[in-house]
Amino acid sequence: MSYYHFKPPGLQAHIFLKYDYQNSTKTILLHELIMFKDKNEIVKISKVKELKPTDTSNMAEQEILEKIERLFVDHFSGKLVDLFAEIQKLNVELDVKSKYKSEFAYNVLEFLIKVKPGETTSYYEIGSQIGSKAYRAIGNACRSNPIPLIVPCHRVLKRNGEIGGFMGKNSDNEWETNLKKEILMLEKAKL
DNA sequence: ACGCGCGTTCTAA
DNA sequence: TTAGAACGCGCGT
């Protein structure tokens, strides 16, 4: 298990990818995307999870990671990229099934990937689409999303227009909720 | 501001 | 392993 770190200019967050590189197939299996306020947190997590940094001697691996980074840089510089669709065109497999194990959570995921940059939805709307009134449970499913941004849980708002929580935090003026707002602004979504 | 609803996770047998 | 209590990026009143 390895990690790759970068920071898109314009976004107030560092991005940390946790992945495995399969040498035989030259593909990357992406397990997790984590966002951090500052770089120190990244060092902490990588130690705890016993992750090795990217093997910069492996050109094929490095190349895929830089392509992924480019997509994020483009996206947050205003060129609105469908990250889920574009990353699938690279030699990357998204490891969503290990976290989205229940049928319920998988339904939420399937709906989320249809929400494109600049659009928003609500927990209520997801509920009516998947035939459930468990709005809080939908929130929990979004929270367990292993790859935020790529699976766009940040585009889900409360029905009354409030921002709602993000990455475990739900009170105003937390770094996480401000980040959610910032991302949506960069995506030029109507709030 | 309070009660509700319901999938998931935690906890104690 | 299994029931049941507790917990939540919410909703309606």
Side-chain angles (χ1 to χ4, degrees), chain A residues 1 3 5-8 10-18 30-38 40-42 44-45 48-49 71-72 75-76 80-85 87 94-191:
Chain A
M1 200 88 77
Y3 73 87
H5 155 256
F6 62 96
K7 183 183 174 304
L11 182 71
Q12 300 305 312
H14 293 263
I15 293 179
F16 175 98
L17 303 177
K18 188 176 128 189
L30 184 57
H31 296 292
E32 227 174 313
L33 184 155
I34 309 173
M35 280 182 281
F36 291 111
K37 184 165 25 176
D38 59 76
N40 295 335
E41 304 264 354
I42 296 169
K44 255 190 267 174
I45 293 282
V48 170
K49 298 195 172 182
L71 290 172
F72 280 94
H75 181 69
F76 289 115
L80 301 192
V81 175
D82 184 342
L83 293 169
F84 186 86
I87 285 175
L94 302 175
D95 177 26
V96 287
K97 285 181 182 171
S98 60
K99 295 271 178 180
Y100 279 79
K101 40 196 171 191
S102 73
E103 193 67 28
F104 178 83
Y106 197 75
N107 289 338
V108 175
L109 165 75
E110 284 200 311
F111 184 84
L112 277 182
I113 61 180
K114 292 181 199 157
V115 184
K116 301 303 178 189
E119 304 173 359
T120 59
T121 184
S122 68
Y123 301 98
Y124 179 91
E125 188 181 348
I126 295 175
S128 40
Q129 288 296 318
I130 69 173
S132 169
K133 290 180 184 171
Y135 309 110
R136 302 185 72 174
I138 291 168
N140 287 339
C142 294
R143 181 180 178 174
S144 68
N145 173 14
I147 41 173
L149 298 181
I150 298 173
V151 173
C153 54
H154 60 282
R155 294 179 192 143
V156 191
L157 309 177
K158 290 207 201 178
R159 182 164 170 64
N160 64 9
E162 287 176 33
I163 187 76
F166 191 47
M167 300 198 308
K169 296 290 184 347
N170 60 0
S171 52
D172 262 2
N173 273 349
E174 295 273 5
W175 175 74
E176 286 83 352
T177 37
N178 283 327
L179 178 62
K180 183 174 179 178
K181 282 182 203 162
E182 186 197 11
I183 295 167
L184 290 169
M185 302 256 290
L186 289 170
E187 294 184 351
K188 303 179 181 74
K190 280 185 280 183
L191 300 178

Counting only pairs under 3.5 Å, give me each side-chain donor-acceptor contact of residues 167-178 of chain A, with atom names and distances, residues two or more places apart or in other chains.
from: Ser171(A); atom 1: OG; to: Glu174(A); atom 2: OE2; distance (Å): 3.1
from: Thr177(A); atom 1: OG1; to: Ser171(A); atom 2: O; distance (Å): 3.0
from: Thr177(A); atom 1: OG1; to: Glu174(A); atom 2: N; distance (Å): 3.3
from: Thr177(A); atom 1: OG1; to: Glu174(A); atom 2: O; distance (Å): 3.0
from: Asn178(A); atom 1: ND2; to: Glu174(A); atom 2: O; distance (Å): 3.4

| Between Ala137(A) and Leu157(A), who's closer to the 5' end of DNA chain C by nearest nucleotide? |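 Looking at the nearest nucleotide for each, Ala137(A) comes out on the 5' side.
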
Expressed as a whole number of angstroms, how long is the span from [X]:[atom1] to [N]:[atom2]?
{"X": "Lys158(A)", "N": "dC11(C)", "atom1": "NZ", "atom2": "C1'", "answer": "9 Å"}
{"X": "Lys133(A)", "N": "dC11(C)", "atom1": "NZ", "atom2": "C1'", "answer": "11 Å"}
{"X": "Met167(A)", "N": "dG8(C)", "atom1": "CE", "atom2": "P", "answer": "17 Å"}
{"X": "Asn170(A)", "N": "dC7(C)", "atom1": "CG", "atom2": "C1'", "answer": "12 Å"}

Scan [X] against the nucleic acid and name what it touches under 4.0 Å (heavy atoms): base, sugar-phosphate only, or nothing.
{"X": "Tyr123(A)", "result": "base"}
{"X": "Gly127(A)", "result": "nothing"}
{"X": "Phe104(A)", "result": "sugar-phosphate"}

Heavy-atom side-chain proximity of [X] to [Y] below 4.5 angstrom:
{"X": "His75(A)", "Y": "Leu149(A)", "result": "no"}
{"X": "Lys180(A)", "Y": "Leu157(A)", "result": "yes"}
{"X": "Lys49(A)", "Y": "Lys18(A)", "result": "yes"}
{"X": "Pro8(A)", "Y": "Ile15(A)", "result": "yes"}
{"X": "Tyr106(A)", "Y": "Ile130(A)", "result": "no"}

| field | Whether His154(A) and Phe166(A) hold their rings parallel, tilted or perpendicular, with breakpoints at 30° and 60° | value |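 Perpendicular.
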
| message | Does the plane of the ring in Tyr124(A) sit parallel, tilted or perpendicular to the ring in Tyr135(A)? Use 30° and 60° as the thresholds. | response |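 Judged by the thresholds at 30° and 60°, the geometry between Tyr124(A) and Tyr135(A) is parallel.
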
Enumerate donor-acceptor pairs with a distance under 3.5 Å from any side-chain N or O in residues 109-117 of chain A to protein atoms, sequence neighbours excluded.
from: Lys116(A); atom 1: NZ; to: Asp82(A); atom 2: OD2; distance (Å): 2.7
from: Lys116(A); atom 1: NZ; to: Ile113(A); atom 2: O; distance (Å): 3.3

| query | Toward the 5' end of DNA chain B, which comes first, Tyr135(A) or Ala105(A), by nearest nucleotide? | reply |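 This one resolves to Tyr135(A).
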
| request: Please report the closest heavy-atom contact between Cys142(A) and Tyr123(A), naming both atoms and the distance. | output: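 Where Cys142(A) meets Tyr123(A) most closely, the heavy atoms are SG-CE2, 4.3 Å.
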
| field | Secondary structure of DNA chain B in dot-bracket form (Watson-Crick or G-U wobble, distances below 3.5 Å, | marking inter-strand pairs) | value | ||||.||||||||

Between N or O atoms, less than 3.5 Å apart, protein on one side and nucleotides 2-6 of chain C on the other: list the pairs.
none

| field | Listed partners of Glu187(A) passing salt bridge (charged side-chain N to carboxylate O under 4.0 Å, His left out), at least two apart | value |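 Residues passing salt bridge (charged side-chain N to carboxylate O under 4.0 Å, His left out) with Glu187(A): Arg155(A).
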
| chain A on DNA chain B: first and last contacting nucleotide, 5' to 3', under 4.0 Å to a heavy atom? |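 The protein-touched segment is dC4(B) to dT8(B).
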
